[in-house]
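Some notes on the structure that comes next.
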Amino acid sequence: MDNSETPRTLPRYSATFDPHTLAEIRRAAATGIYDIRGGGTKRALPHFDDLLFLGASVSRYPLEGYREKCATDVWLGTRFAKKPLHLKIPITIAGMSFGALSGQAKEALGRGASIAGTSTTTGDGGMTPEERGQSQHLVYQYLPSRYGMNPDDLRKADAIEVVIGQGAKPGGGGMLLGQKISDRVAQMRTLPMGIDQRSACRHPDWTGPDDLEIKIEELREITDWEKPIYVKVGATRPYYDVALAVKSGADVVVLDGMQGGTAATQDVFIEHVGIPILAAIRPAVQALQDMGLHRKVQLIVSGGIRNGADVAKALALGADAVAIGTAALVALGDNDPRYQAEYEALGSSAGAYDDWHEGRDPAGITTQDPLLAARLDPVMAGRRLANYLAVMTLEAQTIARACGKSHLHNLEPEDLVALTIEAAAMARVPLAGTDWIPGAKF
Amino acid sequence: MPEVDLARSTRRELNAALHALLPETNETHWLVRNPGGQHALAAGINAPVTVEIDGHAGYYCAGMNQQANVIINGNAGVGVAENMMSGMVHVKGDASQAAGATAHGGLLVIDGNASARCGISMKGVDIVVKGSIGPMSAFMAQAGNLVVLGDAGEALGDSLYETRIFVRGQVKSLGADCTQKEMRPEHLEILAALLAQAGVEDSVTPEQFKRYGSARQLYNFHVDNASAY
C-alpha cells in the first residue's frame with residue numbers, strides 16, 4: 001500500500017517540556033551546575049504595557065504641548081535629611097557595581113546622569129573616583145558585604161542607600177565570579193584575585209527592622225544627619241516591607257520588581273522569586289498612605305522601566321521617581337547589534353546576551369578586561385544615556401500634558417485603565433471600559 | 001579634659017563635637033559620663049583623640065572609627081567598632097554580637113567575652129578577645145587577625161577568606177572551609193605583637209595558641225563542594 005499521500009502527524013513539541021526546558025535539563029545533566037546569568041526575568045509578565053492612560057476630553061482638558069509647563073523635578077529625602085536631593089527628572093540610575101561593570105561604564109553612567117540632572121548609584125565593591133568625579137548626585141549603596149565600605153566615601157556621597165534586597169533576587173546575596181575579580185576589583189574588596197566573590201544575603205551587624213532603625217541612626221550620626229537615607233527592597237511583600245522600612249526611619253524607599261537586573265545570579269532565582277513591579281507599587285503606596293507619609297517618604301520604583309510611558313505610569317500609581325538599570329546599559333551600548341558576530345561566538349546573540357558574569361562582554365560594559373572595556377568611550381556613552389533620559393522625560397511629559405497635568409507628580413491612578421484583568425487587579429485600576437477593579441474591597 | 005554628661009547633653013551634641021575636631025586639636029582626651037547604653041556613641045570620629053566612655057554603650061559604639069582611641073568602661077552592644085578603619089577600641093567589659101564586623105583596620109580589644117559573629121566579614125582589623133567568643137565568629141572574614149584567649153563557639157571561621165584566627169582554648173566546631181593550620185614563626189611573631197598591644201604579653205604566650213585559616217576549597221565553585229555552600 002502506498003502511504004505517500006496519507007497526511008502525517010507533524011512533530012509536536014511539548015508546551016511543558018519546550019526546547020528551552022529540554023536544553024536546560026541537558027545542560028544541567030552535563031555540567032552539574034545551575035545556570036548563572038545577568039539581567040532580570042525574561043518571562044512575559046503583567047507590566048506597564050497592560051495599562052493605558054485616559055487622555056483629556058470633554059470631562060478633562062489637556063495642557064498645550066511644549067507651551068504649558070509640565071514640571072519634572074523631584075525632591076528625595078525630605079523627611080529627616082538636612083540636605084535632600086533635588087533632581088531635575090524623576091528617573092534615576094540604579095545601583096550597579098564597579099566590578100560588575102567596567103570603570104568606563106560607571107563613569108559613563110555618572111556623566112549621563114549628571115547631564116540629565118539626576119542621580120547615579122554605586123554598587124557592591126565601593127565608590128570609584130571616576131564615578132564620584134563624574135556624578136553630580138551620587139547615591140552610595142550600603143550592602144551586606146560592605147566591600148569597599150568606608151566612612152570617607154560615605155561622607156562624599158549625596159545619599160546613602162541601605163540595600164536589603166533587589167528585585168532579581170530578593171533574599172539572595174551577591175556573586176561575582178573569579179573571572180571578573182581583577183587586581184583593582186580584588187583590592188577594593190579586600191579579596192584575593194581570581195576567586196569567586198560571595199556576598200552575604202543579610203547584613204552582618206543587624207537583623208530585622210528594630211535593628212535597622214538603630215543602624216540608620218548610626219549612619220545619620222556618622223554623617224551628621226545630612227544625607228538622605230534610602231532603604232532598597234526587592235518586591236515580595238511590598239506593603240509590610242515598605243511600612244517597616246518607613247518605621248525604621250527611611251527617608252526614601254526603593255522598591256525593585258523582579259524585572260530588575262542583577263550582575264549575576266542563578267536563573268532559577270531570577271525567574272521564580274519576587275513579584276513584578278506592576279503588582280508592587282500600589283501596596284507600597286498604600287503603606288505610605290496608611291502611615292500618612294505618602295510624598296513625605298519618597299518611593300522610587302524600578303524593574304523593567306523602558307520609556308516615558310512606563311515612567312508616567314509608575315508615577316501615576318504613586319511613585320515619586322523611578323530607577324533604570326538594564327535600560328541605562330542598553331543606552332550605553334549593551335547588546336548592540338554591531339557586535340552580533342562576537343555575541344554569536346559567545347553562543348549568544350545581540351539582545352539576548354546575559355552572560356555578564358563571564359566578563360567577556362563585546363560591548364565593553366560588563367567586563368574587567370582592559371581591551372574590551374576600552375571599547376566604551378565614557379563621554380560618548382554618557383551622551384547617549386543623557387539623550388535617552390531626555391527622551392523618556394519628554395515622553396512622560398507628553399502623556400502628563402495630555403492628561404492635563406502641570407507636573408508629572410500630578411498623574412494619578414484615576415488617569416489609568418487596564419487592558420487585562422490581571423493588570424487591573426495588580427495596579428488597582430479599572431479594566432478598560434468598565435468600572436471593575438478585580439479584588440477591590442467595597 | 002572635655003567632659004560630656006549624657007544625662008544632660010544629647011548624643012547628637014557629643015558626636016557633632018567629636019566630628020568637629022581638627023587633627024591638631026588640643027582637646028585630646030574626652031570623658032563621656034552617663035552613656036546609659038545609648039547607640040552610636042562616638043561613631044564616625046576621624047581625629048587622633050581618646051574618648052573614654054564611663055559606662056555601658058549600646059549598638060555601634062565607635063562605628064567606622066578612624067584614628068581615635070575609644071575606651072568603654074563597661075559593656076558594648078551589637079557591632080562595637082563596626083567597620084573601623086584605624087585607631088583602637090577597648091571594651092573593658094563584654095561585647096555583644098558582631099563585634100568588629102567588617103572592620104578594615106585598627107585594633108579592637110575586648111577584655112571580657114564577645115558574643116556570636118565576632119569579627120564577621122572583618123577586612124583587616126585586628127581583634128583580641130581576652131575571654132571567649134560565640135558561634136559563627138569570623139564568618140566570611142577576609143583579612144586581619146582574630147585572637148581569642150578563651151574558647152570559640154560553633155562554626156568558627158565559616159566560609160573564611162584570608163583572616164588568621166588564633167584560639168588558645170577549645171573550638172566547639174569549625175565552619176565550612178575553615179581548618180587548623182601550622183603555626184609558623186611568622187605567625188608567632190604576629191601573635192606576640194598583638195598580645196603585647198592588648199597588654200597580656202606577661203601572662204599569655206603565643207605558643208599556647210592554635211592557628212586556623214581558610215582551606216581555600218570554596219574559593220572557586222565546584223559542584224562536588226555543593227553541600228558546603
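Proteins come first, then strands; the chains are lettered A, B, ... in the order of their sequence lines, and each starts at number 1. Everything numeric here is computed off the predicted structure, so don't read it as measured data.
Screening Met122(B), Glu162(B), Lys123(B) against Thr190(A) for a side chain to side chain contact (heavy atoms under 4.5 Å, CB included) leaves a single residue, Lys123(B).
Of all non-hydrogen atoms in Ile195(A) and Tyr219(B), the two that sit nearest each other are CG2-CD2, 3.4 Å. Across all non-hydrogen atoms, the minimal contact from Pro204(A) to Ala98(B) is O-CB, 3.6 Å. Closest non-hydrogen pair, His19(B) versus Glu221(A), comes out as CE1-O, 2.9 Å. Heavy atoms only, all atoms of each residue included: Ala16(B) and Asp224(A) are closest at CA-OD1, 4.2 Å.
Interface summary for chain A: among Ser121(B), Ser96(B), Ala43(B), the most heavy-atom pairs under 4.5 angstrom belong to Ala43(B). Per-residue counts of heavy-atom pairs under 4.5 Å with chain A were compared for Gly79(B), Ala101(B), Gly58(B), Gly63(B); the largest is that of Gly63(B). Chain A forms the most heavy-atom pairs under 4.5 Å with one residue out of His104(B), Arg117(B), Gln97(B), and that residue is His104(B).
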Item to complete: Might you work through the side chain to side chain contact (heavy atoms under 4.5 Å, CB included) test for Asn83(B) and Arg146(A), ending with a clear yes or no?
Response: CA-CA 8 Å; Asn83(B) 216 87; Arg146(A) 313 276 166 85; 4.1 Å; yes
Item to complete: Walk me through it: do Asn46(B) and Arg155(A) pass the test side chain to side chain contact (heavy atoms under 4.5 Å, CB included)?
Response: CA-CA 12 Å; Asn46(B) 188 8; Arg155(A) 294 183 192 105; 4.2 Å; yes
Fill in: Stepwise side chain to side chain contact (heavy atoms under 4.5 Å, CB included) test for Asn150(A) and Met64(B)
CA-CA 7 Å; Asn150(A) 72 69; Met64(B) 301 197 198; over 6 Å; no
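The environment of CD in Glu13(B) is crowded: more than 12 heavy-atom neighbours from other residues, nucleotides or ligands sit within 6.0 Å. Within 6.0 Å of the CZ atom in Arg184(B), the count of heavy atoms belonging to other residues, nucleotides or ligands exceeds 12. Residue Lys82(A) places its NZ atom among more than 12 non-hydrogen atoms of other residues, nucleotides or ligands, all under 6.0 Å distant. When the shell of 6.0 Å around CZ of Arg202(A) is examined, it contains 12 or fewer heavy atoms from other residues, nucleotides or ligands. No more than 12 heavy atoms of other residues, nucleotides or ligands sit less than 6.0 Å from atom NZ of Lys83(A).
The part of Tyr161(B) that comes within reach of chain A is its side chain, from C-beta onward, which places non-hydrogen atoms under 4.5 angstrom from that chain. At a 4.5 Å heavy-atom cutoff, the contact between Arg11(B) and chain A is made by backbone and side-chain atoms alike. The contact between Ala143(B) and chain A is made entirely by side chain atoms (from C-beta outward), counting heavy-atom distances below 4.5 Å. For Met140(B), the part lying under 4.5 angstrom from a heavy atom of chain A is the side chain only.
Tyr59(B) does not carry Lys215(A) over the face of its six-membered ring by the limits of under 6.0 Å from the centre and within 45° of the normal.
Side chain of Asp205(A) to main chain of Glu82(B): no donor-acceptor pair is present (N/O by atom type, distance under 3.5 Å, no hydrogens or angles). Looking only at distances, a side-chain donor or acceptor of Gln142(B) sits under 3.5 Å from a matching main-chain atom of Arg189(A).
Rounding to the nearest 0.5 Å gives a distance of 4.5 Å between CD of Gln66(B) and CG of Asp152(A). A distance of 8.5 Å separates CG of Leu219(A) from OH of Tyr60(B), quoted to the nearest 0.5 Å. From His203(A), atom NE2 reaches atom CD1 of Ile120(B) across 11.5 Å, with rounding to the nearest 0.5 Å.
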